[in-house]
Amino acid sequence: EENRRFLNELPRTIDLDSKFLVIHGWVNNTDSYIMGAYDAAENFRLLKEALGRKLGGLCFFGHTHVRVTYVDEGSEVSANLDNPLELKPETNYLVNPGSVGQPRDGDPRASFAVLDEKDSEITFYRVEYDIESCARKVLEAGLPDVLARRLKAGW
């Protein structure tokens, strides 16, 4: 119950020193998925509206557990899989680093990203981890076995 309370009290959006934002799903709905450029374009619009100013460049999101970056250069929004990703001034980014525990892109390795503010780039990584041990812990916790199988398949 204490963990649930903690999670429920977390803010929907985190603004880290106006350097970048962190959200989970859509800007206005934690449970909605950003599934493509159309959804990303709507979220860029919602971010600008919510902030009352230009987005300021960079927003990290999750929920889909699939690594992708959406780029808004003003005239269109497109998906980008560059690695590393060079961050350009006057360009807005929605970045999903993937998932450390439940990747859903067919690759069971942990997926994460590192932001290098000095070089203005994001590097994405995939690393092996002990999936068998993690899957066993999922089952020992009484969670559905589909969650353990999903770890092994990366889906």
Q: Which atoms form the tightest heavy-atom contact between Leu58 and Ile122, and what is the distance?
A: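 So the two residues come closest at CD1-CD1, 3.9 Å.
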
Q: Could you please spell out the steps behind the side-chain contact (heavy atoms from CB on, under 4.5 Å) verdict for Val95 and Phe124?
A: CA-CA 10 Å; Val95 179; Phe124 299 90; 3.8 Å; yes

Q: Taking all atoms of both residues into account, what is the closest heavy-atom pair of Phe61 and Gly25, and its distance?
A: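 Distance-wise, the nearest heavy atoms are CB-O, 4.4 Å.
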
Q: Going by heavy atoms in the side chains, are Phe60 and Ile14 under 4.5 Å from each other?
A: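 Side-chain contact under 4.5 Å: no.
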
Q: With a 4.5 Å limit on heavy-atom distance, are the side chains of Leu94 and Leu47 in contact?
A: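 Yes, side chains in contact.
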
Q: Do the side chain of His63 and the main chain of Asp31 share a donor and acceptor less than 3.5 angstrom apart?
A: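 Side chain of His63 to backbone of Asp31, a donor-acceptor pair under 3.5 Å: yes, one is there.
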
Q: Quick check against the 3.5 Å criterion: does Arg150 have a side-chain atom that pairs as donor or acceptor with the backbone of Trp155?
A: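 Checking the backbone N and O of Trp155 against the side chain of Arg150, a donor-acceptor pair under 3.5 Å is found.
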
Q: Can you find a heavy atom in the side chain of Leu81 that is under 4.5 Å from one in the side chain of Arg67?
A: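 SC-SC contact between Leu81 and Arg67 confirmed.
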
Q: Is there a side-chain contact between Arg109 and Val127 (heavy atoms, below 4.5 Å)?
A: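 A side-chain contact is absent here, since even the closest heavy-atom pair is not under 4.5 Å.
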
Q: Rounded to the nearest 0.5 Å, what separation is found between the CD atom of Glu49 and the CG atom of Asn43?
A: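 It comes to 11.5 Å.
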
Q: Which heavy atom of Val138 sits nearest to which heavy atom of Ala148, and what is that distance?
A: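 Scanning both residues, the minimum pair turns out to be CG1-N, 3.9 Å.
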
Q: Do Val146 and Leu143 sit in one hydrophobic cluster, given that two such residues count as connected whenever their side-chain heavy atoms are within less than 4.5 Å of each other, even indirectly?
A: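 Looking at the clustering, Leu143 is in the same group as Val146.
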
Q: Can you see which heavy atom on Gln102 is nearest to which on Leu147, and at what distance?
A: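 Here Gln102 and Leu147 meet closest at NE2-O, 3.7 Å.
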
Q: Examine Val114 and Val100 and state if one hydrophobic cluster contains both, with Ile, Leu, Val, Met, Phe, Trp and Tyr joined whenever side-chain heavy atoms are less than 4.5 Å apart.
A: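 Linked, Val114 and Val100 end up in one cluster.
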
Q: To the closest 0.5 Å, what do you measure between CD1 (Ile23) and CG (Leu46)?
A: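 Those atoms lie 9.0 Å apart.
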
Q: Would you name the heavy atoms of Val27 and Thr13 that are closest together and state the gap between them?
A: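 Val27 and Thr13 have their closest heavy atoms at O-OG1, 4.5 Å.
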
Q: In terms of side-chain geometry, is the basic nitrogen of Glu132 or Arg136 positioned less than 4.0 Å from the acidic oxygen of its partner?
A: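 The answer is no: the pair does not qualify as a salt bridge.
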
Q: Do Lys137 and Glu140 meet the salt-bridge criterion of a basic N to acidic O distance under 4.0 Å?
A: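 Salt bridge: no.
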
Q: With distance as the sole criterion, is a donor-acceptor pair present between the side chains of Thr64 and Asn96 under 3.5 Å?
A: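 Note: Thr64 and Asn96 side chains meet the donor-acceptor criterion.
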
Q: To the nearest 0.5 Å, what is the distance between CD1 (Ile131) and CG (Leu151)?
A: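 Answer rounded to 0.5 Å: 7.0 Å.
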
Q: Are Lys48 and Asp72 close enough for a salt bridge, meaning some N to O gap below 4.0 Å?
A: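 Yes.
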
Q: Quick check against the 3.5 Å criterion: does His65 have a side-chain atom that pairs as donor or acceptor with the backbone of Ser99?
A: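 No, because the side chain of His65 does not come within donor-acceptor range (under 3.5 Å) of the backbone of Ser99.
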
Q: Short question: side chain of Ser111, backbone of Val66 - any donor-acceptor pair under 3.5 Å?
A: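 Not confirmed, Ser111 side chain does not pair with Val66 backbone.
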
Q: How about Asp119 and Glu86: do any of their side-chain heavy atoms sit closer than 4.5 Å?
A: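 Answer no - side chains too far apart.
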
Q: Verify salt bridge (charged side-chain N to carboxylate O under 4.0 Å, His left out) between Arg45 and Glu42, making sure each step is shown before the conclusion.
A: CA-CA 5 Å; Arg45 186 191 68 73; Glu42 182 62 14; 2.5 Å; yes

Q: So how far is it from Glu121 CD to Asp116 CG, rounded to the nearest 0.5 Å?
A: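 Going from the CD atom of Glu121 to the CG atom of Asp116 covers 5.5 Å.
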
Q: Does Leu87 reach the side chain of Leu115, with side-chain heavy atoms less than 4.5 Å apart?
A: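 Contact flag for Leu87/Leu115 side chains = yes.
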
Q: Decide yes or no for Ile34 and Tyr70: does some side-chain heavy atom of the first lie under 4.5 Å from some side-chain heavy atom of the second?
A: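 Result yes, sub-4.5 Å side-chain heavy-atom pair found.
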
Q: Looking at Asp107 and Arg126, is there a salt bridge between them, counting it only when a charged N and a carboxylate O are closer than 4.0 Å?
A: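 Salt bridge present between Arg126 and Asp107.
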
Q: For the SG atom of Cys134 and the OH atom of Tyr129, what is their distance to the nearest 0.5 Å?
A: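 Nearest 0.5 Å value for the SG-OH distance: 5.0 Å.
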
Q: Please report the shortest heavy-atom distance between Thr123 and Pro84, naming the atom on each side.
A: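 Where Thr123 meets Pro84 most closely, the heavy atoms are OG1-CB, 3.7 Å.
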
Q: Backbone N or O of Lys88 within a donor-acceptor pair of the Tyr93 side chain at under 3.5 Å?
A: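 Yes, the answer is positive, given that a donor and an acceptor are paired below the 3.5 Å cut-off.
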
Q: Set out, in order, the CA-CA distance, both residues' side-chain angles and the distance that settles side-chain contact (heavy atoms from CB on, under 4.5 Å) for Asp39 and Phe44, then state yes or no.
A: CA-CA 9 Å; Asp39 291 345; Phe44 281 123; over 6 Å; no

Q: For the backbone of Tyr33 and the side chain of Trp26, can you confirm whether one donor and one acceptor N or O come within less than 3.5 Å of each other?
A: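 Such a contact is found between Trp26 side chain and Tyr33 backbone.
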
